[in-house]
Amino acid sequence: MFVQQLDKLTLDSCLADLPSYDFEVQITTLGKVVADTFHEHPELPGVMITSNNKIIGMISRIQFFERLSRPYGLEVFLNRPIRVLWDIIAKSEKLLDAETLVKRHLLLSADCSINQAAELALKRPGTFIYEPIVIALPDRSWRLVDIQVLLLAQSQLFSLAKQAAEAANKAKSEFLANMSHELRTPLNSVIGFAQILSQDTSFQSEQQERLRIINRSGEHLLSLINNILEMSKIEAGQITLNETNFDLYTVLEDMQDMFGLKVQKKGLQFVLEQDPDLPQYISADEGKLRQVLINLIGNGVKFTRTGKVILRAKVEEVENNHQLQLEVEDTGPGIAQEELNKLFVPFEQTTAGHQIRQGTGLGLAITEKFIKLMGGDITTKSTLGVGTCFQLSIPIHLSSPQTFPSRRGKGKVIGLAAKQPEYRILVVDDRVDNGLLLLDLLVSVGFSVQQAINGREATEIWKVWHPHLIWMDLHMPEMDGYEATKQIRQWESQLDQPSSSTKIIALTASVFQEKRDEVLSSGFDDYMVKPFQEELIWEKMSEYLGVELIYQQPDEANGKKRQNTICEREQVTSEDLSVILQDMPSEWLCELHKASSELRGKKVKQLIKDIPPEKEAIAVQLKNFAENYQFDRIVKLLNFSYSGEQQESQKSKVKSQK
């Protein structure tokens, strides 16, 4: 019976909600009455002994019958008042005062929590652990609770808490999945169209730069979303290791490309120090390594106002195992020793983090989780006013360029190779802009493309057009991608040529909910997450259709050896620049002043190209101003220069008059 009552417990339940027993006798009650009651009601855990409406003792069922079983016990205890037995127990157990009685037998309020009661009960002396506890009700009555019932109730609450946590985690996952989809879907269009437009050679350099800014901003927003999702997946145990062969040099150079503009804009240096013996090709989780470096370098650039950020890389061999040793050091404000323990705690920020009011407090927490997952370790050294250095070590395997195909250098896809069939491609997406992104991309190369805005339209088009490949969004109104794919596969099974089935690749912006295996088991050939990179689209097309593509050859300039230090030279002061500018032709100065005043960036950059090599310092600084739209600073420099020229001219006039 009490098991059914336990099933009704909730996380807010207390002792008053547990099955309890009211067996109370006066101190003058005969022992035989107690024994008979115990025999008639085997569920009773004990008896409470009262006098003048006060509890003076409690004898458990086990203790009562244990005393009766002793020599002469029946004769002594059954025919005499229960007080006789209680006095013997009280003296032997030293329960002669009410305080000791409460401490050992526990007299608790009925509103006491079940967990607290269980904890107190198990802390009693060994001989009392399995004794019942007494609860005091609001009406000043008392009841007994069996310790077994109490522990079963606590176990029930543990189960309820686990279910609640799992439900909350599932709800959080679903919320994040939906938010992920809603946020990543427009980002797919922003980043995708920016990538396509940036490859259009008809755009001027200023327009290209603005497109790159749009793309970088979109990718930054995407990284913030990904950080929250990554931490959620880590908490849910959904992050796994994905070890691949890759070019380590490329990863390090990409860090320079990614942060080069930021360090230049802040007037910092970004230094890459590669060990001379650093291997180029290694095997590890490239994606997680990239994210770790992005988080650490990004932090360094964000917090450093003057000086530099250094990335060091080397590989050491320890007991026939290779360890990638990386250091990211900055000359930022530093971190107090008492705050170092906050660095890798989710949503925690140091004093410096609170001051700049940027970030979510997740970057370093994710970094540490990724490093631990890869089998590595990370340590931190920091000094206030000097800077911070993160040191990490990750186990790797050495590989060679023959073990994986090189992606770098293929260039932009400009068309289909000759003598290929006309490939029919169907793009299915309820978001018109997302569909248009793929449509523009595929049509520009030479594919025959149709578009549908939901699964129902897709199935109707499939019946009459039979596309070779379908890019299928998963979440759509009327009919989603799962149901549309299911119907297409059913119709295909009824055809005479099942080998000519349509390839269907799932597209989704919800990275947290769908799992690859689940999608593939639903009839899809593959799975790709939005926002996607153009390069991945062509890879999938080649893999599933055997499409042969023509690539534009990369510029030879891309192969030039890059500098290890970005913005390495010291910042030239305004006074130095103005002095150097005075040596430039006056006509050139007038043109630059006019172009800067009119915010004509293209003209300004053209004029900067006329600066001779020996004046490279001013060229770099002026170009930096122009690229960051700081034309007002160029005008101020020119005005300062003009005033200097006038002073020199006035001095010359005075000398000639003398």
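Computed from a prediction, not measured in an experiment: that's the story for all the values here.
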Check whether any side-chain heavy atom of Met255 lies under 4.5 Å from a side-chain heavy atom of Leu272, and answer yes or no.
no
To the nearest 0.5 Å, tell me how far Leu398 CG sits from Ile282 CD1.
8.0 Å
Side chains of Val445 and Ile414: closer than 4.5 Å at any heavy-atom pair?
no
Atom pair OG1 (Thr485) and CD (Glu492), whose distance is rounded to the nearest 0.5 Å
9.5 Å
Backbone of Trp538 reached by a side-chain donor or acceptor of Ser542 within 3.5 Å
yes
Heavy-atom closest pair (Pro467 atom, Thr502 atom, distance to 0.1 Å) is O-OG1, 2.9 Å
Note, Val301 side chain near Val263 side chain (heavy atom, < 4.5 Å):
yes
Nearest-0.5 Å distance that lies between atom NZ in Lys302 and atom CZ in Phe259:
10.5 Å
For the pair Lys372 and Asp377, evaluate salt bridge (charged side-chain N to carboxylate O under 4.0 Å, His left out) and give the outcome as yes or no after the intermediate values.
CA-CA 6 Å; Lys372 296 291 186 184; Asp377 194 22; 3.0 Å; yes
Which heavy atom in Leu11 sits nearest to a heavy atom in Ala164, and how many Å separate them?
CD1-CB, 4.0 Å
N/O donor-acceptor pair under 3.5 Å between Gln337 side chain and Ser382 backbone
yes
Would you confirm whether Arg489, through its side chain, and Gly523, through its main-chain N or O, come within 3.5 Å as a donor-acceptor pair?
yes
Checking Thr380 side chain against Gln391 main chain: does a donor-acceptor pair fall under 3.5 Å?
no
Might you work through the side chain to side chain contact (heavy atoms under 4.5 Å, CB included) test for Phe270 and Gln256, ending with a clear yes or no?
CA-CA 7 Å; Phe270 181 76; Gln256 284 187 298; 3.6 Å; yes
So which heavy atom on Gly546 is nearest to which on Gln420, and how close?
O-OE1, 4.0 Å
By salt bridge (charged side-chain N to carboxylate O under 4.0 Å, His left out), Lys314 pairs with (sequence neighbours left out) Glu316
Under a 3.5 Å threshold, yes or no: a donor from one side chain and an acceptor from the other, between Asp526 and Tyr544?
yes
Are side-chain heavy atoms of Thr388 and Glu329 found at a separation under 4.5 Å?
no
Within-4.5 Å side-chain heavy-atom neighbours: Gln323 and Ile396:
no
Ignoring hydrogens and geometry, is there a side-chain-to-backbone donor-acceptor pair from Ser283 to Ser399 under 3.5 Å?
no
Among Val427, Ile425, Leu426, which one satisfies side chain to side chain contact (heavy atoms under 4.5 Å, CB included) with Ile470?
Leu426
Can you tell if the side chain of Trp471 reaches within under 4.5 Å of the side chain of Val428, non-hydrogen atoms only?
no
Rounded to the nearest 0.5 angstrom, the CD-CG distance for Glu543 and Leu469 is 10.5 Å
Does Asp480 have any salt bridge (charged side-chain N to carboxylate O under 4.0 Å, His left out) partners at least two apart in sequence or in another chain, and if so, which?
none
Does Val309 reach the side chain of Leu311, with side-chain heavy atoms less than 4.5 Å apart?
no
Under 3.5 Å, is there a donor-acceptor pair linking the side chains of Asn295 and Gln291?
yes
Interatomic spacing from CD1 in Ile335 to OG1 in Thr383 - rounded to 0.5 Å:
10.0 Å
Within this structure, what is the CG-OG1 distance for the pair Asp254 and Thr250, rounded to the nearest 0.5 Å?
6.5 Å
Does Lys503 reach the side chain of Leu545, with side-chain heavy atoms less than 4.5 Å apart?
yes
With a 4.0 Å cut-off, would you call Lys266 and Asp330 a salt bridge?
no
Who pairs with Tyr423 by ring pair (Phe, Tyr, Trp, His ring centres under 6.0 Å), at least two apart in sequence or on another chain?
His468
